[in-house]
Amino acid sequence: MKARHRQHFLLDRSLGHLNHGSYGATPLPVLRQQWQWQRQMETRPVEFHVRRQEEHLRQARQQVCHYLGAEVDNTAFVVNTTTAMNWVAHSLVLGPGDEVLLNDHEYGAVFRCWNVLAKERGFRVVSATIPLGADALACLQAAATANTRVVVMSHITSATAQLFPVQQVGAWARSRGIWSVIDGAHAPGHIPLHLESLGVDFYMGNLHKWLWAPKGSAVLWVSPRCQSLIRPLVVSWGVDPVHPIAEPAWVAWVQLQATRDPSAFLAGPAGVDYQRRYHEKLIESHCCRRLEQISESLAQMGAVPLPWSRPLKMRAFHWPFPQDPGQLHRRLFEKHRLEVPVYSWNDQLIVRICLQHYVCDSELERLLEGLSESRVLTSAL
Ligand SMILES: Cc1ncc(COP(=O)(O)O)c(C=O)c1O
């Protein structure tokens, strides 16, 4: 099966980009939209920032929210998931005796955010172990205590590419009076979403990964019952009673941060259009079929595929041959011209592949060649 719409991307053709999960490639129709917004901004800066920006942002958010099944007043644009996670973590009032429950699949920067605050404020971060394929909710329930105040969980994990049952986790957390914070960095555009029906308290998701938006575009969704908890961490004109604005206070605090370039947010709807026009259904199943094929080939070479289900276009494999992850990563990049993440997770060497429609067969062949070569090198040690 072949790549499709490769011409939509500025990607360097000498390099195979198998890492859409870390940095999504943005298609030209979306970039053009962003450049048009930037042109407007530069043509009449005062008009744009003072008189038009707020209205443009609300309209863009309405279109993105429609796609995500979210209410516009429950959603704010943020530059990335990390910022949204920090915003929530800093807003919740926690202290000695309180526990925040994460798990061993969570993203490094998310752990860091909670660990730094835990040190400052005196609460504890607890990490549940969730064995691959295990019942994730049961593992969280086993690790929770009477002191658990917050549960933080990815919708789709980064290191292991697992789809976690966040709806069940949200329902359980609510029944126990625990705040649920869902890291949906990989979810928008990757899996069907209806944020209003998930039953969680806080949800943050990138538009700049799987929803094709330019870098610096994400959303923070907050359930109505938790919006009063959100603090103004960057105090800007949005909180000034002298300049009343139409947005809810919490949205203004999070979204309006003095002078900055909002073009990545404003191009969000173009990402939704691209998804609807070029990606949904046919191309998605084309990518999943190709991922299944490459998984079979890798399994024949001895790789152990981690649990996976459609429609994920990202899959992780345990590579059981002893190797230094950094060395294997470098070799795949330098010799085989591939951007593919290789790292250690729970003492297992993991190779993660993302299959978008722009990936060429020759790039997948180079991956098989590179890994097969590394296996031979290992056996020669
Ligand atoms: C699960 C997860 N959470 C958070 C992030 C952070 O995303 P960003 O760098 O856009 O803040 C990532 C990035 O890959 C991720 O995979």
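What you see below is based on every heavy atom in this structure, not just the backbone, and it leaves out hydrogens, waters and symmetry mates. Ligands are counted one by one from 1 in listed order, and the atoms in each one are counted from 1 as well. In this chain, numbering begins with 1 at the start of the sequence shown. The structure presented is a predicted model; accordingly, all values stated were derived computationally and were not measured.
- Of the charged side-chain nitrogens involved, at least one lies within less than 4.0 Å of a carboxylate oxygen, so that R310 and E292 count as a salt-bridged pair.
- In this structure, atom 9 (O) of ligand 1 lies nearest to the protein heavy atom T82 OG1, 3.9 Å.
- Closest to atom 15 (C) of ligand 1 among all protein heavy atoms lies Y107 CD1, 3.4 Å.
- Inclusion of S154 in the set of residues having an N or O under 3.5 Å from an N or O of ligand 1 is not warranted.
- Using modelled atom types, one finds a donor on one side chain and an acceptor on the other under 3.5 Å when comparing R315 with S295.
- Of all atoms in ligand 1, listed by their number and element, those nearer than 4.0 Å to a heavy atom of A185 are 2 (C), 3 (N), 4 (C), 5 (C), 12 (C), 15 (C).
- Defined by atom type and a distance below 3.5 Å, a donor-acceptor pair is present between the side-chain atoms of Q34 and S263.
- Given atom 16 (O) of ligand 1, the protein heavy atom at minimum distance is H186 NE2, 2.7 Å.
- Of all the heavy atoms of M85, none lies under 4.0 Å from any atom of ligand 1, so neither backbone nor side chain is involved.
- Any N or O atom pair closer than 3.5 Å counts here, and S22 shares no such pair with ligand 1.
- Among all non-hydrogen protein atoms, the one lying nearest atom 1 (C) of ligand 1 is D183 OD2, 3.4 Å.
- Defined by atom type and a distance below 3.5 Å, a donor-acceptor pair is present between the side-chain atoms of T157 and T160.
- In this structure, N206 contributes its side chain and H208 its backbone to no donor-acceptor pair below 3.5 Å.
- Because its NZ or CZ atom is not both nearer than 6.0 Å to the ring centre of F333 and within 45° of the ring axis, R331 does not count as a cation-pi partner of that residue.
- The shortest contact between atom 13 (C) of ligand 1 and any protein heavy atom is with K209 NZ, 3.1 Å.
- The protein heavy-atom contact nearest to atom 7 (O) of ligand 1 is N206 ND2, 3.4 Å.
- Using modelled atom types and a 3.5 Å distance limit, the side chains of N147 and R124 yield no donor-acceptor pair.
- Side-chain polar atoms of Y23 and E339 form no donor-acceptor pair below 3.5 angstrom.
- Taking every non-hydrogen atom of H208 and a distance limit under 4.0 Å, the qualifying atoms of ligand 1 come out as 10 (O).
- Contacts between E106 and ligand 1, counted as non-hydrogen atom pairs separated by less than 4.0 Å, are absent for every part of the residue.
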